[in-house]
2 protein chains.
Amino acid sequence: MVSIIVDYNSKIPIYKQIRNEIIHNIAEGNLQNGDELPSLRSLAGTLQINYHTVNKAYGLMLNDNIIKLFKNKRFVISIPDNDDKSMASIREYAERFIDYATVKGLTKKEIIDIVNNIADQNKVKSVKN
Amino acid sequence: MVSIIVDYNSKIPIYKQIRNEIIHNIAEGNLQNGDELPSLRSLAGTLQINYHTVNKAYGLMLNDNIIKLFKNKRFVISIPDNDDKSMASIREYAERFIDYATVKGLTKKEIIDIVNNIADQNKVKSVKN
DNA sequence: CATCTGTTATATAAATTATAGAATGTTATA
DNA sequence: TATAACATTCTATAATTTATATAACAGATG
């Protein structure tokens, strides 16, 4: 069940929220390689926003090797197997989270528990392909 | 060894970078409860930026219960023991990281390894106070 | 062909980010 | 007490980012 929810009053720009929501749907297994995304205009209509805002969100994911644009003008989830470029981003996300949790006094066990808890809700592979 | 490094060309605003750097220093154990932060003007001078920008960074941390202002004079690291409000933020950071890592095909073990790796560089408590 | 699609261009408006200066009041200290 | 150092508040400005709006264009689809 794919759902894209945006908070129009959030401090996070809408186009970033859209990207986050789609990534979350992929992580949960609701979207996977080969699945088509809604067209710019249709998603814009659903969310009641301008389609350039959707285009900006898709642009982020194009640049991040998460989706591709096919000749038939459809955006499709397409994540390459080896994407070394992304490791730096992953570590940055991780550091931001762990630094903050550490500062707030969480123990290592508590941090790992949170990770396990969230990962278990995702379609995380248990082994490599 | 406290170090605050900002990238003036980053897409991340300077005031957020300052906050991130200070949080990183606390997580690493280079700064701890009771330590004084540089004055607005002195840090602004060091970083060659306007002191209002530093003020905005400190404002984020005041709002986030990481520092306090003593007697209208000095900003001091001051992190309360129980701060339930922060748990939501911590989980948001965690979700962003784990979603992205999941999408990029990392296994649960690999994700935990990254967490362990980063946590070991921090002064993470092994047990609660 | 008519429609839907993404692309590109231009334009506008609001909000955010960053800098700047000045006035004010507090604290510390010499 | 006088001074310096400090944070606070206010106003102002400029650049950038965010979001919307409209239009024209070309490829794909039915």
Side-chain angles (χ1 to χ4, degrees), chain A residues 2 4-23 31 34-78 89 92 96, chain B residues 2 4-23 31 34-78 89 92 96:
Chain A
V2 179
I4 297 171
I5 301 167
V6 301
D7 173 4
Y8 305 96
N9 299 319
S10 168
K11 309 104 270 159
I12 302 173
I14 297 172
Y15 75 97
K16 284 186 184 174
Q17 290 185 54
I18 294 172
R19 178 204 51 183
N20 293 345
E21 286 288 286
I22 291 175
I23 286 180
L31 285 172
D35 286 352
E36 277 185 9
L37 292 182
S39 74
L40 297 183
R41 287 173 177 83
S42 72
L43 181 53
T46 304
L47 299 179
Q48 300 270 56
I49 58 175
N50 192 276
Y51 70 91
H52 290 116
T53 304
V54 180
N55 195 32
K56 196 158 185 181
Y58 285 10
L60 287 182
M61 293 187 288
L62 282 172
N63 192 55
D64 215 11
N65 285 326
I66 289 174
I67 64 177
K68 272 188 177 150
L69 179 60
F70 276 45
K71 281 187 185 171
N72 58 0
K73 304 214 167 191
R74 300 249 188 284
F75 290 101
V76 173
I77 311 282
S78 171
S89 303
E92 278 170 33
R96 202 68 46 87
Chain B
V2 179
I4 297 173
I5 300 167
V6 301
D7 173 4
Y8 305 96
N9 299 318
S10 168
K11 310 104 271 164
I12 303 173
I14 295 173
Y15 76 96
K16 285 187 183 174
Q17 291 186 53
I18 293 173
R19 178 204 52 182
N20 293 344
E21 286 288 288
I22 290 175
I23 286 180
L31 286 172
D35 286 351
E36 280 184 7
L37 292 182
S39 73
L40 297 184
R41 287 172 177 80
S42 72
L43 182 53
T46 304
L47 298 179
Q48 299 271 56
I49 58 175
N50 192 278
Y51 70 92
H52 291 114
T53 305
V54 180
N55 193 35
K56 196 157 187 181
Y58 285 9
L60 286 182
M61 292 188 288
L62 283 172
N63 192 55
D64 214 11
N65 286 324
I66 290 174
I67 65 176
K68 274 190 176 144
L69 179 61
F70 277 164
K71 297 190 185 178
N72 259 11
K73 262 296 195 187
R74 306 224 181 276
F75 291 99
V76 173
I77 311 281
S78 170
S89 303
E92 278 170 33
R96 202 67 46 85

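Chain letters run A, B, ... following the sequence lines, proteins first, then strands; residues in each count from 1. Since the model is a prediction, treat every value here as computed from it, not as a measurement.
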ask   = Can a donor-acceptor pair under 3.5 Å be found between the side-chain atoms of His52(A) and the base atoms of dT18(D)?
value =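 Check fails, no donor-acceptor contact within cut-off.
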
inquiry  = With hydrogens left out and only the distance checked, is there a donor-acceptor pair under 3.5 Å joining Arg41(A)'s side chain and the base of dG6(C)?
reply    =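 Yes.
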
Which nucleotide sits closest to the side chain of [X]: [options]?
{"X": "Ser39(A)", "options": "dT18(D), dA7(D), dT5(C)", "value": "dT5(C)"}
{"X": "Ile14(A)", "options": "dT7(C), dT18(D), dA19(D)", "value": "dA19(D)"}
{"X": "Tyr51(B)", "options": "dA22(C), dT5(C), dC6(D)", "value": "dA22(C)"}
{"X": "Pro13(A)", "options": "dT7(C), dA19(D), dT19(C)", "value": "dA19(D)"}
{"X": "Tyr15(A)", "options": "dA7(D), dA19(D), dT19(C)", "value": "dA19(D)"}
{"X": "Lys73(A)", "options": "dT5(C), dA19(D), dT19(C)", "value": "dT5(C)"}

query = CG/Leu37(A) to CD1/Ile77(A) distance, rounded to the nearest 0.5 angstrom?
reply =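 Here the rounded value is 4.5 Å.
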
request  = Return each pair, listed once, that meets side-chain hydrogen bond (donor to acceptor under 3.5 Å, both in side chains) where at least one residue sits in residues 40-51 of chain B; pairs must be two or more places apart or across chains.
outcome  =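 Qualifying pairs, neighbours excluded: Ser39(B)-Ser42(B), Asn50(B)-His52(B).
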
Short side-chain N/O contact to dT7(C) OP1/OP2 from Asn55(A), under 4.0 Å =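 Indeed, a polar side-chain atom of Asn55(A) lies that close.
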
task = Calculate the interatomic distance between Lys56(A) atom NZ and dT16(D) atom P; express it in whole Å.
result =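 To the nearest whole Å, that distance equals 14 Å.
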
ask   = Is there a Watson-Crick or G-U wobble partner for dT29(C) with both distances under 3.5 Å, and which nucleotide is it?
value =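 Here dT29(C) is engaged in a pair, and the nucleotide opposite it is dA2(D).
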
request  = Compare every heavy atom of Gln17(A) with every heavy atom of Asp7(A), then report the nearest pair and how far apart it is.
outcome  =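 Closest heavy-atom pair between Asp7(A) and Gln17(A): N-OE1, 2.7 Å.
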
query = Closer to the 5' end of DNA chain D via nearest nucleotide, is it Tyr58(B) or Thr53(A)?
reply =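 The answer here is Tyr58(B).
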
